[in-house]
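Please read the structure below before turning to the comments.
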Amino acid sequence: MDDVNFWGKRVLVRVDVNSPMKGGKLLDASRVEAHARTIRELHEAGAKVVIMAHQGRPGGDDFDHLEQHAKALEPLVGAPVDFVRDVSGPEALRRIDSLEDGELLMLDNVRLLAEENVQAEPEALARTLLVRELAPHFDIYVGDAFAAAHRSQPSIVGFPYVLPSVAGRVMEAELRGLSKVLDVSPRSFFVGGSKVDDVVKVMPSLTAKGTVMTGGLVALAFSKAYGMNLGPAENIVKSMGAEVMEGARKAIEKGKVMVPVDYVVERPDGEVDVEEAGQELSGVPKDIGPSTIAMYRDVIDASDAVIFKGTAGVVEDPRFRRGTVSLLEAALGSGAFVLVGGGHANAALSWVEEGLRKAVGYTSTAGGAMLYLAAGLKMPGVEALAYSYSRFIARGGWP
Ligand code: 3PG
């Protein structure tokens with residue numbers, strides 16, 4: 001962004017303000033806060049700023065409009081952020097074209113459009129209706145959605161193919177921050193949380209780069225792949241789908257994935273107990289158990305970098321926080337470079353002893369995207385910005 005004069009320019013900025021939402025309420029605005037800097041800067045530079053983002057996935061409880069995100073942005077940017085319940089239809093185009101210098105407009109959830117939910121090659125994404133309808137109304141695209149840069153979707157990859165594009169402040173900070181850990185070895189990964197489909201895809205790259213410990217739903221999928229009987233949690237694994245399980249089975253053929261040797265379980269009568277893995281579980285696993293914590297701690301102690309994504313248990317419930325907090329504390333006390341990515345793992349830092357919290361090497365707004373980069377995989381959203389630079393900017397000068 002330093003290289004561009006944004007005065008009077010029509011700027012489309014793609015941010016990632018995908019946040020926890022329940023019952024239509026925005027529960028945490030930390031990603032909105034992170035992107036405020038980019039938007040404030042564009043506003044102060046006198047650009048006509050149009051903000052594009054997604055929230056949740058179609059069909060999910062957190063799939064929603066973006067009014068609240070726009071409202072949350074206003075005090076952070078220090079200017080009104082107009083909102084339109086449209087993405088690329090006539091009302092959105094009318095409002096985009098009527099923007100004055102320095103004015104801000106947020107479009108609605110880009111995933112309301114079916115074609116945004118399909119991953120494809122960049123050339124095909126550049127031909128989507130979304131890109132064809134919107135691109136002619138802009139001079140520059142700012143790619144700031146690092147947390148979604150592992151998705152090859154029109155709003156991330158399509159626009160840089162047809163518009164001069166630059167990286168926003170979040171994208172820049174994340175790429176710089178994460179580059180610090182890319183060459184550190186020995187390295188270990190703690191991978192938990194619920195987006196198992198993504199984790200399964202990157203797992204062979206992760207096991208090639210370091211030791212991988214699992215928790216949360218990720219641990220259940222890989223435990224099943226190793227043939228364990230998860231008792232009442234068998235249904236949870238079934239609901240992940242055959243493709244995910246096939247992916248998990250293939251991944252463990254390529255490299256070892258560590259899975260819990262015991263779990264903190266909750267029985268139907270609400271009783272909480274510790275059970276060994278390997279035998280049929282009688283309660284639903286809600287956290288990793290003490291022997292697993294000890295086993296993972298040994299891996300952490302032998303690492304020079306530890307990368308956390310997701311949590312080990314259902315941390316919303318204080319009874320199932322111990323695994324996540326113990327591993328974070330072990331890593332932070334070990335002297336290793338500790339990288340914490342994603343909303344849930346970052347939230348868990350608030351339960352860590354205060355003195356240790358300062359030892360965090362870098363906190364990323366991204367979960368899945370951070371893991372992608374740490375696994376050494378190419379990110380379509382970053383590649384697209386590089387392409388745009390060579391196609392439009394390096395040849396013709398800055399807009
Ligand atoms: C995230 O929260 O990981 C990003 O916003 C990407 O969301 P997605 O996994 O639904 O593509």
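Whatever order the structure lists ligands and atoms in, that order sets their numbers, starting from 1. All residue numbers refer to positions in the sequence shown, counting from 1.
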Rounded to the nearest 0.5 Å, what separation is found between the CG atom of Leu12 and the OG atom of Ser155?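 That separation rounds to 8.5 Å.
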To the nearest 0.5 angstrom, please state how far the CD atom of Glu174 sits from the OG1 atom of Thr365.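 Here the rounded value is 3.5 Å.
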Geometric class of the Tyr372/His150 ring pair [parallel <30°, tilted 30-60°, perpendicular >60°]: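 Geometry flag for Tyr372 against His150: perpendicular rings.
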Within the protein, residues bringing a heavy atom under 4.0 Å of ligand 1, chain by chain: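 Asp16, Asn18, Arg31, His54, Arg57, Arg111, Ala147, Arg151, Lys195.
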Would you mind listing the cluster partners of Leu26? Hydrophobic ones only (ILVMFWY), side-chain contacts under 4.5 Å, chaining allowed.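 Met21, all in the cluster of Leu26.
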Residues clustering with Val118 (ILVMFWY side chains joined when closer than 4.5 Å, directly or via others):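 None; Val118 is a cluster of one.
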For Glu329, which residues count as a side-chain hydrogen bond (donor to acceptor under 3.5 Å, both in side chains) partner, sequence neighbours excluded?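 Applying side-chain hydrogen bond (donor to acceptor under 3.5 Å, both in side chains) to Glu329 gives none.
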